[in-house]
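What follows is one structure encoded as structure tokens, with my remarks underneath.
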Amino acid sequence: MARPPKIINLMVKIRECLDTGKYLDTRHATERQAERDITRPEILRVLRTGFHEKRKDQFKEEYQAWNYSVRGKTVDARNLRVIISFDPSGMLIISAIDLDR
């Protein structure tokens, strides 16, 4: 099966999903947020104001989907990486990593 193409204007698509409420946390994301003391508002800020870290993107064979990496800072200057993907319903928040820890 051929890989689907990557999303070209990723940050535009992310903002559209945020603006329309078409996003949700996966169970993995919820667990990592609790473990790493990362809040949902911090994740949403990084997704809105961060940048696409293209070299960290990964294709996930088991889901036939791309995972995209967005890096940015929280209000209190924590450096986070947020991993997202997309399905027909919208954007999936996969995980969040505190790069300062």
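Using modelled atom types, no side-chain atom of Tyr23 and backbone atom of Leu44 make a donor-acceptor pair closer than 3.5 Å. In this structure a side-chain-to-backbone donor-acceptor pair under 3.5 Å is missing from Ser95 to Ala29. Counting only distance, with no hydrogens or angles, the side chain of Arg36 and the backbone of Ala96 share a donor-acceptor pair below 3.5 Å. A donor-acceptor pair is defined here as one N or O able to donate and one able to accept, closer than 3.5 Å; such a pair exists between the side chain of Ser85 and the backbone of Trp66. Between the Asn79 side chain and the Asp100 main chain, no donor and acceptor come within less than 3.5 Å of each other.
Cluster membership for Ile43 and Met11, using ILVMFWY side-chain heavy atoms within less than 4.5 angstrom, is shared. Placement of Leu92 and Ile7 in two distinct hydrophobic clusters is found when ILVMFWY residues are connected by side-chain heavy-atom separations under 4.5 Å, directly or transitively. Under the 4.5 Å side-chain heavy-atom criterion for grouping Ile, Leu, Val, Met, Phe, Trp and Tyr, Val82 is connected to Ile38 within one hydrophobic cluster. Grouping the Ile, Leu, Val, Met, Phe, Trp and Tyr side chains by contacts below 4.5 angstrom, directly or via other members, places Leu10 apart from Ile83.
Residues Leu99 and Leu80 share a closest heavy-atom pair of CD1-C, 4.1 Å. Smallest separation of non-hydrogen atoms from His52 and Ser69: CD2-O, 3.4 Å. When all heavy atoms are compared, the tightest approach of Gln33 to Thr39 is OE1-C, 4.4 Å. Nearest heavy atom pair, residue Arg78 against residue Asp37, reads NH1-O, 2.9 Å.
Here the CE atom belonging to Met91 is positioned 8.5 Å from the OG1 atom belonging to Thr20, to the nearest 0.5 angstrom. Atom CZ of Arg32 sits about 9.0 Å away from atom OG1 of Thr26, to the nearest 0.5 Å. The CD atom of Glu35 sits 11.5 Å away from the CD1 atom of Ile97 when rounded to the nearest 0.5 Å. The line from CD1 of Ile14 to CD1 of Ile84 is 3.5 Å long, rounded to the nearest 0.5 Å. With rounding to the nearest 0.5 angstrom, the CD atom of Gln58 is 11.0 Å from the CD1 atom of Ile94. Annotation: the span from Arg71 atom CZ to Lys56 atom NZ amounts to 8.5 Å, rounded to 0.5 Å.
Residue-environment remark: OH (Tyr63) stays at or below the threshold of 12 foreign heavy atoms within 6.0 Å. Remark: Lys22 NZ is loosely packed, at most 12 non-hydrogen atoms of other residues, nucleotides or ligands lying under 6.0 Å away. Other residues, nucleotides and ligands contribute over 12 non-hydrogen atoms within 6.0 Å of the CZ atom of Arg101. Heavy atoms from other residues, nucleotides or ligands lying under 6.0 Å from CD of Glu31 number more than 12.
Inter-residue side-chain proximity for Leu24 and Ile93 is flagged as unmet; no heavy-atom pair is nearer than 4.5 Å. Between Gln64 and Phe59, some side-chain heavy-atom pair lies under the 4.5 Å cut-off.
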- Test log, rule salt bridge (Lys or Arg N to Asp or Glu O under 4.0 Å), inputs Asp19 and Arg48: CA-CA 10 Å; Asp19 291 346; Arg48 198 170 286 283; 2.9 Å; yes
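The pair Glu42-Arg45 does not meet the salt-bridge criterion, since no charged nitrogen lies less than 4.0 angstrom from a carboxylate oxygen.
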